Amino acid sequence: MNKSPLLFSGNSNPALTDEIAKRLKVHVGKALVSKFKNEETRIEIGENVRGADVFVVQSICKSTTGNGVNDALMEMLLMVDALRRASAERITAVIPYYGYAKQDKKSKGREPISAKVVANLLKVTGTKRIVTMDLHAAQIQGFFDMPVDNLMAMPTLCNYLKKEGLSDDRIVVVSPDAGGVHRAELYAKRLNASLAIVFKRRPEPDVSEVTDIVGDVSGKVAVIVDDMISTGGTLAKAAEAILAHGAAKVFTVASHGIFAGDAIDVLESSAIERVVVTNTVPFSGLETHPKFVQLSIAQTFADAIIRITTNRSVSELFNGDEMTNGAGGHVAPETIVTTS
Ligand code: R5P
């Protein structure tokens with residue numbers, strides 16, 4: 001297949017879809033994505049998709065207009081179903097933030113594996129391919145028997161850190177838990193920095209406690225790297241512990257800024273200098289806040305979509321030598337072969 005991509009958007013992060021569309025020089029397909037009076041999700045695709053290579057962009061997260069995580073999921077599923085029934089040739093679910101990802105295993109008896117349920121639902125509705133970013137655990141790719149492109153925000157976040165002078169032996173990259181060590185190692189390598197690990201435990205869901213720190217943070221600027229910020233507790237507690245171990249300052253970067261509950265207050269009143277996230281999850285009202293920075297990863301998704309439609313390697317985007325403006329390996333939209 002070598003066709004111009006046809007983009008559609010749900011309501012969870014339309015600003016990101018618009019940005020991706022602009023970079024691809026395509027329009028966002030017409031679709032009614034709303035609710036009936038009885039609160040059921042209502043979908044109507046407003047243009048011909050017969051034979052098309054369709055990409056539905058939808059983060060599985062709350063929207064800024066008050067729709068919940070489950071609304072986002074249902075919109076995605078029903079859009080895929082509608083597109084399949086309208087004879088789209090291939091439907092790719094572009095899920096910048098894959099909600100439910102933390103529920104990827106049974107950590108005690110009688111719990112669901114919700115991330116797998118989401119994968120099953122995407123499959124049965126007709127999704128043929130997934131494009132996502134920084135899955136909570138890379139193994140979630142195995143929940144799908146279809147291609148999954150798990151993109152990385154790392155180039156965008158590292159470029160920002162380098163521009164801010166946060167690299168080399170001035171900094172130490174810190175993983176805020178054992179699960180994030182591999183990710184932190186990649187950042188440390190790219191930033192030419194040393195590595196430290198905070199060990200945490202969760203006495204109950206959404207509550208974290210630091211138990212230990214391994215590695216030398218003393219006198220350094222610490223950059224804590226995480227995949228997501230939910231309640232903010234992990235980062236706030238890790239920052240406290242790192243400073244208590246002699247770090248000079250603490251910065252944090254995370255791919256997905258969910259900012260659940262009073263996370264913004266928690267982070268505002270924490271010892272963290274700056275909280276840097278991407279726009280996989282929309283966030284409004286903090287644009288002018290000196291402590292929060294939101295970087296766009298639209299170009300990374302645009303590059304991946306072009307590469308998929310032209311059968312080029314997606315992983316090349318993340319090979320060091322090809323890095324350019326945050327994502328690297330850009331393919332000009334003109335290289336898309338159109339069929340009409
Ligand atoms: C945990 O394994 C994740 O990588 C994040 O550290 C966690 O989800 C952050 O959650 P919170 O902000 O609620 O502490």
Side-chain angles (χ1 to χ4, degrees), residues 59-62 69 95-108 111 113-116 118 132-141 143 150-154 157 173-188 195-215 222-243 250-278 280-283 286 289 291-294:
S59 278
I60 301 175
C61 64
K62 260 170 52 176
V69 175
I95 309 175
Y97 168 63
Y98 188 99
Y100 283 102
K102 283 212 278 188
Q103 299 182 56
D104 59 352
K105 60 185 147 332
K106 283 174 70 169
S107 37
K108 56 176 190 273
E111 280 185 346
I113 303 182
S114 313
K116 171 65 174 151
V118 172
T132 186
M133 180 166 267
D134 292 323
L135 282 169
H136 174 61
Q139 303 90 296
I140 293 172
Q141 290 171 83
F143 289 175
N150 186 22
L151 310 180
M152 288 190 276
M154 180 174 68
L157 293 168
V173 172
V174 182
S175 171
D177 50 37
V181 174
H182 178 60
R183 181 181 309 112
E185 265 184 313
L186 294 176
Y187 276 74
L195 179 70
I197 304 162
V198 170
F199 288 88
K200 82 172 180 203
R201 64 178 206 102
R202 283 206 186 275
E204 56 185 279
D206 292 331
V207 177
S208 68
E209 281 172 8
V210 172
T211 56
D212 208 355
I213 296 182
V214 172
V223 177
I224 312 176
V225 173
D226 212 346
D227 61 328
M228 68 176 89
I229 302 175
S230 184
T231 64
T234 297
L235 293 183
K237 294 272 173 60
E240 244 171 60
I242 292 164
L243 288 168
V250 177
F251 288 74
T252 64
V253 298
S255 312
H256 312 295
I258 297 150
F259 301 126
D262 59 357
I264 298 294
D265 295 341
V266 169
L267 294 166
E268 252 176 353
S269 57
S270 75
I272 300 168
E273 296 282 323
R274 206 169 304 157
V275 178
V276 186
V277 294
T278 79
T280 56
V281 175
F283 103 15
L286 285 172
H289 196 292
K291 203 176 218 181
F292 293 83
V293 173
Q294 191 190 39

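Read the numbers this way: they start at 1 and go in the same order the structure lists the ligands and their atoms. Worth saying up front: this structure is predicted, and the values here are computed from it rather than measured.
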If the cut-off is 4.0 Å to any non-hydrogen atom of [X], which atoms of ligand 1 fall inside it?
X: T231; result: 11 (P), 12 (O), 13 (O), 14 (O)
X: M228; result: 5 (C), 8 (O), 9 (C)
X: G233; result: 12 (O), 14 (O)
X: K200; result: 1 (C), 6 (O)

Check your understanding: Parallel, tilted or perpendicular: which fits the ring planes of F283 and F292, with parallel below 30° and perpendicular above 60°?
Key -> perpendicular
For [atom], find the nearest protein heavy atom and state the residue, atom name and distance (0.1 Å precision).
atom: atom 8 (O) of ligand 1; result: K102 NZ, 2.7 Å
atom: atom 6 (O) of ligand 1; result: D226 OD2, 2.6 Å
atom: atom 2 (O) of ligand 1; result: H136 CE1, 3.1 Å

Review point. Is it true that E111 and K106 have a side-chain N and a carboxylate O under 4.0 angstrom from each other?
Key: no
Exercise for review: Measure across V250 and A239 and return the closest heavy-atom pair with its distance rounded to 0.1 Å.
Suggested key: CG1-CB, 3.9 Å
Practice item. List the steps and the verdict of side-chain contact (heavy atoms from CB on, under 4.5 Å) for S107 and K102. Key: CA-CA 11 Å; S107 37; K102 283 212 278 188; over 6 Å; no
Check your understanding: Does G180 come within less than 4.0 Å of ligand 1, judged by its heavy atoms?
Key -> no
Check your understanding: Can a non-hydrogen atom of R202 be found less than 4.0 Å from any atom of ligand 1?
Key -> yes
Review point. Is the count of non-hydrogen atoms from other residues, nucleotides or ligands lying under 6.0 Å from K200 atom NZ greater than 12?
Key: yes
Check your understanding: Is any side-chain heavy atom of Y98 less than 4.5 Å from a side-chain heavy atom of H136?
Key -> no
Review point. Do F259 and L267 come close enough that some side-chain heavy atom pair is under 4.5 Å?
Key: yes
Review point. Just heavy atoms, cut-off under 4.0 Å: does L235 contact ligand 1 by side chain, backbone, both, or neither?
Key: neither
Check your understanding: Taking N or O atoms only and a 3.5 Å limit, does G232 qualify as a polar contact for ligand 1?
Key -> yes
Point to revise | Contact (N/O only, under 3.5 Å) between S208 and ligand 1 | key: no
**Study point:** Option with minimal heavy-atom separation from atom 3 (C) of ligand 1, where the choices are D227, D206, D134, T234
**Key:** D227
Practice item. Any chance you could measure E273, atom CD, to T252, atom OG1, to the nearest 0.5 Å? Key: 10.5 Å
Practice item. For side-chain contact (heavy atoms from CB on, under 4.5 Å), just list the numbers for V277 and H256, CA-CA rounded to whole Å, side-chain angles, deciding distance to a tenth of an Å, and then say yes or no. Key: CA-CA 6 Å; V277 294; H256 312 295; over 6 Å; no
